[in-house]
Structure formats: structure tokens, C-alpha cells
Enquirer: 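Dropping a structure here in C-alpha cells format, bear with me for questions.
Predicted model only: the values in this text are computed from it and were never measured.
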Amino acid sequence: MNSTPENTPIPPTAGAPPTPSAPASLPASPADLHRQRRIFRLLHRLDLLIGLLVILAILLGASIWRTPPLIPAHDFHATATCAGQPLPPPAVYKLLGLPQRFYIRLPEIIDNRYQWFSVDMRQETVTLLPHDPATATWFNLPAIRRTDRLGLDLEFRTLAGLEWTIAFTPDRVSFTNGRLTLTLTPL
């Protein structure tokens, strides 16, 4: 069969005007424009708020790293005896940014030199501090400066004719010079 132009079927839409699909851009009503602008402003404000919170967190972390505050260590307990007599419980502090370093403060000065000790669990060192370690403040909390010296290492140290011995075990740290004995244990 020969097909001629007269015999070709005509598609139903061939002569009809094209139906418009969704217009590319319709003029939005003023209410729609106002709603879009309000949503954009709200998202912009949220981005600014999130950015400010991130900057604040970074500055707070840097501040804690530079001068970590001393906070009470409620998860550790210290006991002290002097010449076999128990002393009132010493105060135990830890640093906010360094959970493995503890500071022990005896309630009174012993032998005119012993009141503050620091214990570093990570390095397994015990030091005698010549003064109150809190030489700075961080938002009204006593804090130390990272640039301050840690103190006098007591391992194999003889002071006033008494040698210090230190024992680190998984459940406690004990150090003694024969007259003064301190023990730090987790609760």
C-alpha cells in the first residue's frame, strides 16, 4: 500500500494551538513574595546564630586549654596520715581539660612545706607544689596556667632526710615519706 499525504493520519493535536505547560515564571503575589523574603531572612538569621555559636565554642575551648580551671573531683577520694595520725580528708581537684591530673590540698601545712600535691595518672608522676597552683582565674573559678611549672617531682627524692616512695596501682596511688602518707583512690 502506498501512503500518500492524503492518507496519512493526522495527529489529534496537529492543528490545535499548543497547550501551555506550567509558565516559567509567574508573577508572584505580594503575599507570596513577603513569605519568601521572611523565610529567607529567618534562614539567614539561623545561619548567623549557628556561626556565632561555633565561634563561641572555639573561643571557650581555647580559653579552657590556656587556663584550665580547677574543679572538685567528686569521683576521687584522698586520705592522709601524719606520723600515724589521720588528718582531716584532703580536698581533691582536677583540671577541666585534663581529667588525668589531680591536685590534692591538705587541710593544713605539714612540716612548713607540704600542703599541695599534684598527681598525673598518665605520666605516673607525683609532685610537690611550692604554692597554691591556682595562679589565675577562669570565670571566677581558680585556674592554673599551662605555662606554670608542675612542681618538684617526688620520685626518688629526699626532702628533710626522708625519701619519698610512690606506688601507682590500677585502683590507687600512694605516696609516702615515712612521716606523711597520702592515698588517692577512685570512688
Side-chain angles (χ1 to χ4, degrees), residues 48-187:
L48 287 175
L49 180 65
I50 290 170
L52 286 174
L53 288 175
V54 166
I55 290 171
L56 181 67
I58 290 170
L59 290 175
L60 187 65
S63 173
I64 289 173
W65 183 85
R66 186 171 180 266
T67 55
L70 286 170
I71 56 173
H74 297 295
D75 52 345
F76 276 80
H77 175 72
T79 58
T81 60
C82 182
Q85 300 298 318
L87 295 173
V92 180
Y93 301 96
K94 63 181 172 181
L95 295 175
L96 187 58
L98 296 166
Q100 70 276 2
R101 185 176 297 165
F102 297 93
Y103 289 85
I104 301 171
R105 181 183 185 275
L106 296 175
E108 58 196 46
I109 297 176
I110 307 294
D111 294 339
N112 290 329
R113 75 169 51 123
Y114 305 121
Q115 185 172 24
W116 281 94
F117 296 90
S118 71
V119 177
D120 193 328
M121 298 290 206
R122 186 173 49 92
Q123 296 178 355
E124 291 190 354
T125 58
V126 176
T127 60
L128 171 65
L129 300 170
H131 55 77
D132 186 353
T135 57
T137 59
W138 186 82
F139 293 107
N140 263 352
L141 289 173
I144 68 162
R145 289 188 178 95
R146 284 193 179 259
T147 56
D148 288 348
R149 296 180 58 206
L150 190 55
L152 180 65
D153 189 1
L154 292 180
E155 190 169 14
F156 308 119
R157 179 77 56 176
T158 301
L159 296 174
L162 300 171
E163 184 177 351
W164 283 91
T165 57
I166 302 166
F168 279 87
T169 60
D171 61 338
R172 71 176 18 175
V173 177
S174 297
F175 48 102
T176 182
N177 68 354
R179 176 168 160 69
L180 178 65
T181 302
L182 285 108
T183 305
L184 180 66
T185 56
L187 291 178

Enquirer: Assess whether side-chain contact (heavy atoms from CB on, under 4.5 Å) is satisfied between Y103 and V92, documenting all intermediate values.
Expert: CA-CA 6 Å; Y103 289 85; V92 180; over 6 Å; no
Enquirer: To the nearest 0.5 Å, what is the distance between CH2 (W116) and CG (D132)?
Expert: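 W116 CH2 to D132 CG: 5.0 Å, rounded to 0.5 Å.
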Enquirer: With a 4.5 Å cut-off on side-chain heavy atoms, are I144 and P68 touching?
Expert: yes
Enquirer: Hey, can you tell me if W164 and F175 have their rings parallel, tilted or perpendicular (30° and 60° cut-offs)?
Expert: tilted
Enquirer: Given 3.5 Å as the limit, does a donor-acceptor pair link the side chain of D111 with the main chain of R113, or not?
Expert: no
Enquirer: Could you give the distance from NE2 (H131) to CD (Q115), rounded to the nearest 0.5 Å?
Expert: 12.5 Å
Enquirer: Looking at G151 and L129, what are the two nearest heavy atoms and their distance?
Expert: CA-CD2, 3.9 Å
Enquirer: With a cut-off of 6.0 Å (strictly less than), are more than 12 heavy atoms of other residues, nucleotides or ligands near CD1 of I109?
Expert: no
Enquirer: Please report the interatomic distance CD1(I104) to OG1(T183), rounded to the nearest 0.5 Å.
Expert: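 Taking CD1 in I104 and OG1 in T183, the distance rounds to 9.0 Å.
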Enquirer: Is it the case that atom CG in N140 sees more than 12 heavy atoms from other parts of the structure closer than 6.0 Å?
Expert: no
Enquirer: Tell me the closest heavy-atom pair linking R105 and Y93, and the distance in Å.
Expert: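 Residues R105 and Y93, closest heavy atoms: CB-CE1, 4.3 Å.
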Enquirer: Measure across L162 and R179 and return the closest heavy-atom pair with its distance rounded to 0.1 Å.
Expert: CD1-CB, 4.0 Å
Enquirer: Step by step, work out the side-chain contact (heavy atoms from CB on, under 4.5 Å) result for V119 and L182.
Expert: CA-CA 11 Å; V119 177; L182 285 108; over 6 Å; no
Enquirer: When rounded to the nearest 0.5 angstrom, what distance separates CD1 in I55 from CD1 in I50?
Expert: 12.5 Å
Enquirer: Say whether, by atom type as modelled, one donor and one acceptor occur between the side chain of T176 and the main chain of L180 under 3.5 angstrom.
Expert: yes
Enquirer: Give the intermediate values and the outcome of side-chain contact (heavy atoms from CB on, under 4.5 Å) for residues L141 and L96.
Expert: CA-CA 11 Å; L141 289 173; L96 187 58; over 6 Å; no
Enquirer: Output, in order, the C-alpha distance, side-chain angles, deciding distance and verdict of side-chain contact (heavy atoms from CB on, under 4.5 Å) for F117 and L184.
Expert: CA-CA 11 Å; F117 296 90; L184 180 66; over 6 Å; no
Enquirer: Mind telling me whether F76 and F102 have parallel, tilted or perpendicular rings, with 30° and 60° as the class edges?
Expert: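 If you compare the ring of F102 with that of F76, the planes turn out tilted.
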Enquirer: Is it true that a side-chain atom of E163 and a backbone atom of T158 form a donor plus acceptor pair closer than 3.5 Å?
Expert: no
Enquirer: Check P107 against P88 and note the closest heavy-atom contact, atom names and distance.
Expert: CG-O, 3.5 Å
Enquirer: List the atom of T81, the atom of P86, and the distance in Å for their closest heavy-atom pair.
Expert: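 Nearest pair, atom of T81 first, then P86: CG2-CA, 3.9 Å.
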Enquirer: Mind checking the CG-CG spacing from L70 to L98? Nearest 0.5 Å is all I need.
Expert: 10.5 Å
Enquirer: Quick one: CZ on R101 to CD on Q123, what's the gap to the nearest 0.5 Å?
Expert: 6.5 Å
Enquirer: If you compare all heavy atoms of E108 against all heavy atoms of L87, which two are closest, and at what distance to 0.1 Å?
Expert: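 Residues E108 and L87, closest heavy atoms: OE2-CD2, 4.2 Å.
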Enquirer: By the definition side chain to side chain contact (heavy atoms under 4.5 Å, CB included), identify the one residue from V126, T127, T125 that meets it with D120.
Expert: T125
